[in-house]
Amino acid sequence: MTKKLTFHGIVQGIGFRPAAQRIAADLNVKGQVKNSGGHVSLIISGKEQALDEFVQRLIAMFEIKKYETETINDLDFTDFKIVHSTNDKQTPFITPDLATCSDCEKELKNENNRRFRHAFISCVNCGPRYTIMNTLPYDRENITMSVFDMCDECRTEYTTVYDRRCHAQTIACKQCGPETNISIDDAAEILRQGKILAIKDIGGYHLACRTDSVNSVKDIRKLKGREAKPFAVMFSSIDEIREYCKVNDKEKKLLLSPARPIVLLEKIKDFDSSVCGESDYIGAFLPCNPIQLMILDQVSPLVMTSANISGEPIIIDDNEINKFGVDVLSHNREILTPLDDSVVCVMAGRTQFIRRARGYVPLSIEINRKAKSDTLCLGGDLKSVFAFHRDRYVFLSQYFGDLDNKDVYDCYKSNITRFATLHGFEQETIVCDAHPNYYSSNMFNSDIKIQHHKAHIASVIAEHKLSGKVLGFAFDGTGYGDDGAVWGSEVFLFDENRIDRVEHLKYTKMLASDEVSKNADLALDCYLGGNTIVDKAIENNINTVLSSSMGRLFDAVCALLDIKHYNNYEGECACALESAAKKAEKEYKLIPSLDPENILTQIKNAMRESTAEELALGFHMMICRLISEISEKYRNKYGINQIALSGGVFNNRIITSSTISILEEKGFSVYINERVPCGDGGIALGQAYLSGLEV
């Protein structure tokens, strides 16, 4: 019997073809396998039972989206071969970059292995993928390893069926692979001496130094123009992380996953304040490639932060890195796509993305709406992420940054072209945010404009494939509203294709300037008055706007309680307010209200009898009860039981965990973003959902 098989899914760059060859040898199946751009196609010949087992073993091993099989006229094969790839322009599911696997790590540290301390060790199960891919199919000639000719030993491994490196496109060794400009020992010595070292990694350069090299940490802040935002810290092992942080089972699993993200963990021991500032958390992560593994074996822990000026893209250019004037560990394998480290946390037992990048991009998300045509969704200007929607799959780009930075804008736009070319997307329909002045909204002639906060809630509905009525809470700092006001505390009733805005904070007239989002005192003055200049501007409508922003209310409460008065980076005041709330032994109970002035007046009056910490916790819990009260109101009115929470405010652990707990105790089903960020990095997914067709 002979069958033709077509497999769709994560089947390229993951060892599918050599696995098929090994299974065929085990089962005495003859035939051939080849990459075909968007899928893998096979022709297999043998006994029916063997062919069925062949298929089932492949399905069990890989993330197969779907597969087709048909019986064809018998063909006579003498063996099973991997044949040359073709490109049929089918939708590809490209493998992200994968951390060094345990087998390669053992070889890396085994002095009797020929790849002992080889800085580019990899196999079919690990190594760079997306960042070094020129085009599909995923073959040696189509990646940046093409310039390195295999030596005889590597060639033998590449063609040996039962070898772990059979058809491993990144295969190399010390004799035939990429090289570093300095030795790993020299790099480690630079760090041991307390100096800064720029290290070329999979998705770009990092700036690294010892956590106890306080002057170097401060110098990195000066180089990056990053005054206060916490740095991530790379540790050599889980045990070392546990010296500084609490680590639960889910967090451990994330730390050790092939994506190797930065995981925000609660501190139990701190570094100098120059490393993590006033944060209650450490952004901890483990080495993801051989260079990092070998360096961290010698000196650890290390500050490890993207090599860029704050707000600009991560540097991938070997010449540009020299502008920092620090020692450099580089290599001669080209990086094609800049990728920052992904950042996640575990909240209420659920994984939440802060930044989705290396290790996850360009994995697709399947949703329950089909694209009308190839659709480019441009996301927003802050924490910019674009997406392409084809069929039921949404392919999201990596995080880029804020588009008001020219370098970010250029990187974002050029990567749209690269992403489309690599995947074979056409941009037949273009969707953008409804904000008329967003750079992303004016980049192309968009066919569809979607309101920012509706996209936030739609992103939750999309990734959880919800149907029926959903009550959505979109709380953040700012977004352009349908009425031209600044929205940010929006409650929507989603009922299939109907979206109604049903609740929001009472509008407050605020100054229409970026300074309001940074200066918490200025936000407070807009709510309560008392600043003569601000009062006059508001009274005479001089550069003012109506706002329902929840983010600005958090800032105002923080300033009122004299906890922090200025956001040196986005969300700093909100983080400080949350930190203060965590220190409270009890909450001061506030009456839930949608009137910001009423809330602030309650707090102001209570400051005579309560502490800032108790009032901070009271404010957090009041917001949670407000969400609960609104949810019950609309359950009683419409029978709604599904609640969606999205927007940057839900990065707050007290708000999110307590809200989920309160609502679930009352029988609600509560959903948050778990596959994209709840902030603006997730709205492209919501845009895809709202512009798609119901299926």
Side-chain angles (χ1 to χ4, degrees), residues 217-218 221 225-231 264 266-267 270-283 310-311 345 354 382 475-478 488-489 505 508 510-511 513-531 534 547 549-585 587-588 590 596-597 599-608 610-623 647-656 679:
V217 177
K218 291 178 179 178
R221 291 201 175 277
R226 180 168 169 168
E227 183 179 339
K229 193 174 182 180
F231 283 139
L264 298 184
E266 191 173 345
K267 286 178 184 174
D270 207 353
F271 302 105
D272 183 83
S273 60
S274 61
V275 177
C276 298
E278 299 173 0
S279 176
D280 295 329
Y281 305 97
I282 293 175
S310 191
C345 68
I354 310 300
L382 303 179
F475 291 178
D476 64 4
T478 180
S489 60
L505 286 177
T508 299
M510 304 194 84
L511 299 182
S513 71
D514 289 340
E515 186 62 19
V516 174
S517 66
K518 298 175 182 176
N519 188 332
D521 288 325
L522 199 55
L524 180 61
D525 290 339
C526 292
Y527 285 115
L528 293 185
N531 181 316
V534 173
S547 171
S549 170
M550 184 65 77
R552 297 295 76 76
L553 180 59
F554 269 77
D555 288 348
V557 172
C558 188
L560 179 61
L561 294 175
D562 195 27
I563 294 170
K564 186 168 285 290
H565 298 267
Y566 198 84
N567 288 299
N568 292 294
Y569 58 88
E570 186 184 5
E572 185 178 11
C573 286
C575 289
L577 187 65
E578 180 185 4
S579 181
K582 287 175 62 181
K583 294 180 176 70
E585 295 182 3
E587 67 163 297
Y588 184 95
L590 300 169
E597 185 177 350
I599 294 168
L600 290 163
T601 300
Q602 284 188 67
I603 294 171
K604 189 174 183 180
N605 292 337
M607 288 172 67
R608 306 185 194 95
S610 187
T611 67
E613 289 79 11
E614 290 169 351
L615 285 165
L617 180 58
F619 171 71
H620 280 76
M621 296 310 297
M622 183 275 295
I623 295 296
V649 167
F650 292 103
N651 280 318
N652 184 301
R653 297 197 190 203
I654 296 175
I655 294 288
T656 303

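What you see is a predicted model, and the numbers here were worked out from it, not measured in a lab.
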Evaluate side-chain contact (heavy atoms from CB on, under 4.5 Å) for Tyr527 paired with Ile599, printing each intermediate quantity in order.
CA-CA 10 Å; Tyr527 285 115; Ile599 294 168; over 6 Å; no
In terms of ring plane angle, is the pair His620 and Phe554 parallel, tilted or perpendicular, where the classes change at 30° and 60°?
perpendicular
Check whether Arg226 reaches the backbone of Arg221 with its side chain - one donor and one acceptor, N or O, closer than 3.5 Å.
no
Interatomic distance, Ser610 atom OG to Asn605 atom CG [nearest 0.5 angstrom]
12.5 Å
Please round to the nearest 0.5 Å and tell me the distance separating atom CG of Asn531 and atom CG of Leu524.
10.0 Å
Worked check of side-chain contact (heavy atoms from CB on, under 4.5 Å) between Val557 and Ile563
CA-CA 9 Å; Val557 172; Ile563 294 170; over 6 Å; no
Could you check if a side-chain atom of [X] sits within less than 4.5 angstrom of a side-chain atom of [Y], using non-hydrogen atoms only?
| X | Y | answer |
| --- | --- | --- |
| Leu522 | Asp555 | no |
| Lys267 | Cys276 | yes |
| Leu553 | Met550 | yes |
| Leu264 | Arg653 | yes |

Hey, is NZ on Lys518 packed in by over 12 heavy atoms from elsewhere, all under 6.0 Å?
no
Hey, mind stepping through Leu528 and Glu597 against side-chain contact (heavy atoms from CB on, under 4.5 Å) and telling me if it holds?
CA-CA 6 Å; Leu528 293 185; Glu597 185 177 350; 4.0 Å; yes
